[in-house]
Amino acid sequence: MAESDNIVVETAEKIFADLADPQTINNDKKGAWKTPLWQALSDAGLPLSWVPDDLGGSGASLADGFALLNAAGRFAVAVPLAETMLAGWLLAQAKIASPDGEMTVVPASPKDRITLDADGSLSGRARGVPFAKAAKHFAVLAHGAGGVSIALVDAAKARIEAGLNVGYDHSDTVTLDKVQPITIKPAPKGFDQTTLMLMGGVARSLQIAGALESMLDISVRYSNERVAFEKKISKFQAVQHNLARLAGESAAALAAATSAADAVANARAFDDEVYLEAASAKIRCAEAAEKGGGIAHQVHGAIGFTMEHILHRYSLRALAWRDDFGSESHWAVELGKLVAGRGADELWPLVASR
Amino acid sequence: MTAALRFDPIRLPPECEQLRKEVRAFLAEEIAAGTFDPHKPNREDTDAPEFSRRVGAKGWLGMTWPKKYGGQERSFLERYVVTEEMRVANAPTRRFFVADRQSGPVLLKYAPEHIKMEILPRICRGEICFAIGMSEPNSGSDLFAAKTRATKTDGGYLINGTKIWTSSAHIADYMIAIFRTSPPTKENRRHGLTQFLVRMKQPGIKVNPIGQITGQYEFNEVVFTDHFIPDDHVLGEVDGAWKQATSELAYERSGPERFLETYYVLTELVRAVGNNPDTRSAEGIGRLVAQLHTMRRMSVSVAGMLQAGKEPVVEASIVKDIGTVWEQQLPHRVRDLAAFVEETATNRETLERQLDFAIKTAPKLTIQGGTTEVLRGIIARGLGLR
Ligand SMILES: Cc1cc2nc3c(=O)[nH]c(=O)nc-3n(C[C@H](O)[C@H](O)[C@H](O)COP(=O)(O)OP(=O)(O)OC[C@H]3O[C@@H](n4cnc5c(N)ncnc54)[C@H](O)[C@@H]3O)c2cc1C
């Protein structure tokens, strides 16, 4: 794994290496690994990285949090770390303190809307909410007559229909039916659902990039071990070229995701330039998940298609993460509209602005 | 980790923004003066010697080189901005680009002082054009199969043999070429090639143009018959060009010219589609822009590595591989997306003219400067597979 000199990432990597080893997790069909892992992450203050001290968090920078998510992707971590971080971040936008325990954000799709009624209650349906089933609280973004609000909601008050995404992680439908929030406050000026989706998209991009790094890593290793026709398969030029393409996809995903993270971490506003970065990252990382994951499976042959092998932990999760906070098709349409709206002669200045 | 591939999110520093404005203003003036048409692809047979001198006068050639050779001692990132703006505007860069990108840096590294003093300032002034003589009829990807001989004689070498696919040889003043000075050894089949500075307009050199499928003449066959090259025109180590040639290629691999060659069709597509695109067009444009943006961020990142004195051979190869495949597919994707553009869109004719040219250009993009297959071999080596 790429060594990090970042203390947050170092802490996380140590915890992941000790408690989230993909092979150990894969062998443990009962999920006994989850509790100690979550406990260790919580003890280290990682799930609330993006929550300032005075709101109950550990107040890490956005940049450190993004690097942490990339590391989580490298281990294909399947506890609601990214979701709790995003929820804490969302609540902090409205200066709402974060409670302990697992959280997630609602909605997680740009198409779904939660509305704030005149009586102060929340209603609406959100599909594909990651880890809703595991969450104790939801950070909700709601639309009301007075604009956009951010609320902390007790998960027990919501109706949750459990579902699984293609990576076998919970991706649930959350219905709020006149639910009274624990706390609700107006969102800051300019903050809207698109902001939340872009932020979620960048988080997912970093996770996908991390998963691809690991897929490259294990695929190269496997090709140097597996012998066919009396040669290591890594000696076949066709296999080498496939791995070179996987390296390219992995590199593209990492470049797009880290660039977007850097843009968001240093942004004063979610303007067109940050939009370009965040939307591009989600689009490009999703494409890389498809192309790169395909190659990783090809290199592994049948063994990689088994539940016993760890490859699917990365490949399927990377594919599943494409769907959260707007798929690449969604963002491609939106980015295309933005570009067309600005006009042909503004395209290059936009790209070159980064 | 097998390959710690990193593409740090380098941002262009503020001096680049200022420079970008200057380059845009300059190009706008040139366009207004009729030097070139930004809506016409950068036709490679367009030679624009006066434009070249004006770019030189701006201080935008040899920008990173020492001042004593006419350079500006500016950063790779600043040079990057100039290259981008020239490409995107379809400016006629043919005459100076190879010298600026590649030949100048080789001379800086390997030429004797008096030759540097003679030639580098002239490159910076935009006065001279360079060609690269690597390929031969039976030596393309396999560079080390080159046979054109340099035979030692009094005070220099006699050259006999043929170079091929030599871009700009017909307008070039100089060529940096590799010739065989001794046979390969058993232990090292790469041994025995030497890099030379060739003065083109001299006896014993015949340049025969070769037509391309775009309808242009850009590359050539160059035949050497007892052409004399003096000793002080040897660049670097005799028989050791293989070490030098590979680092030269690093300059050739990751710049904006490696994904922007067909960029113009994307701008014209956006123009044709208009401000309110249908979903299909919007999605297509969005994806292409996301891919372009990602590649550019990778390419800027590699420029940052070069600036920091690193040798990002694998990273540069990855950018060239992804970049050239992208610029090759771009005209075809644009064609797909343009299928339903209104017949009356004002720039429809421009778009079609551009597509016609871009589609004809596309096949070469993954061949020039090292084929996709060769690049993937380099990446595979970087991954520890070879
Ligand atoms: C527009 C253009 C401009 C050019 N300008 C110049 C120039 O200015 N100076 C110059 O010196 N050269 C120039 N070239 C030549 C270019 O560098 C060569 O074409 C290139 O290196 C490939 O060599 P080749 O054409 O001989 O093809 P070959 O080497 O014969 O290759 C043919 C095919 O076989 C594949 N192949 C070859 N070896 C391997 C291998 N080991 N493994 C897998 N696949 C392999 C190649 O990838 C390719 O697909 C130019 C080429 C073009 C198209």
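These numbers come from a predicted model, not from an experiment. The sequence lines fix the lettering, A, B, ..., with proteins before strands; numbering per chain opens at 1.
Neither the backbone nor the side chain of B:Leu337 comes within contact range of chain A; no heavy atom of the residue lies under 4.5 Å from a heavy atom of that chain. Proximity to chain A (any heavy atom under 4.5 Å) is shown, for B:Leu288, by neither the backbone nor the side chain. For a residue to count as touching a neighbouring chain, one of its non-hydrogen atoms must lie under 4.5 Å from one of that chain's; by this rule B:Thr279 touches chain A with backbone and side chain alike. Neither the backbone nor the side chain of B:Arg280 comes within contact range of chain A, judged by heavy atoms closer than 4.5 Å.
Here the closest heavy-atom approach between residue B:Ile379 and residue A:Ala247 is recorded as CG2-CB, 4.1 Å. Among all heavy-atom pairs drawn from B:Pro9 and A:Ser259, the shortest one is CB-CA, 3.8 Å. Residues A:Leu254 and B:Leu5 share a closest heavy-atom pair of CD2-O, 3.4 Å.
Residues B:Glu373 and A:Gln237 have side chains that never bring a donor and an acceptor to within less than 3.5 angstrom of each other.
Residues A:Trp348 and B:Arg24 form a side-chain contact, since some pair of their non-hydrogen atoms from C-beta on lies under 4.5 Å apart. You'll find the side chain of B:Leu385 stays beyond 4.5 Å of the side chain of A:Lys235, heavy atoms only.
A side chain to side chain contact (heavy atoms under 4.5 Å, CB included) with B:Val289 is found for one member of A:Ile283, A:Leu338, A:Leu335, A:Leu350 and no other, namely A:Leu335. Across B:His293, B:Gln291, B:Arg287, a single residue satisfies side chain to side chain contact (heavy atoms under 4.5 Å, CB included) together with A:Ser280, and that is B:His293.
Taking a cutoff of 4.0 Å between a charged side-chain nitrogen and a carboxylate oxygen, A:Glu277 and B:Arg11 qualify as a salt bridge.
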Please lay out, stage by stage, how B:Asn276 and A:Lys337 fare under the test side-chain contact (heavy atoms from CB on, under 4.5 Å). CA-CA 7 Å; B:Asn276 275 311; A:Lys337 283 187 194 157; over 6 Å; no
Given the rule in the side-chain contact (heavy atoms from CB on, under 4.5 Å) test, do A:Leu347 and B:Tyr263 qualify, once you have shown the distances and angles that lead to the verdict? CA-CA 11 Å; A:Leu347 172 55; B:Tyr263 168 78; 3.6 Å; yes
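No donor-acceptor pair closer than 3.5 Å links the side chain of B:Arg297 to the backbone N or O of A:Ala257.
The candidate from B:Arg376, B:Arg386, B:Glu85, B:Met298 with the greatest count of non-hydrogen atom pairs under 4.5 Å with chain A is B:Arg376.
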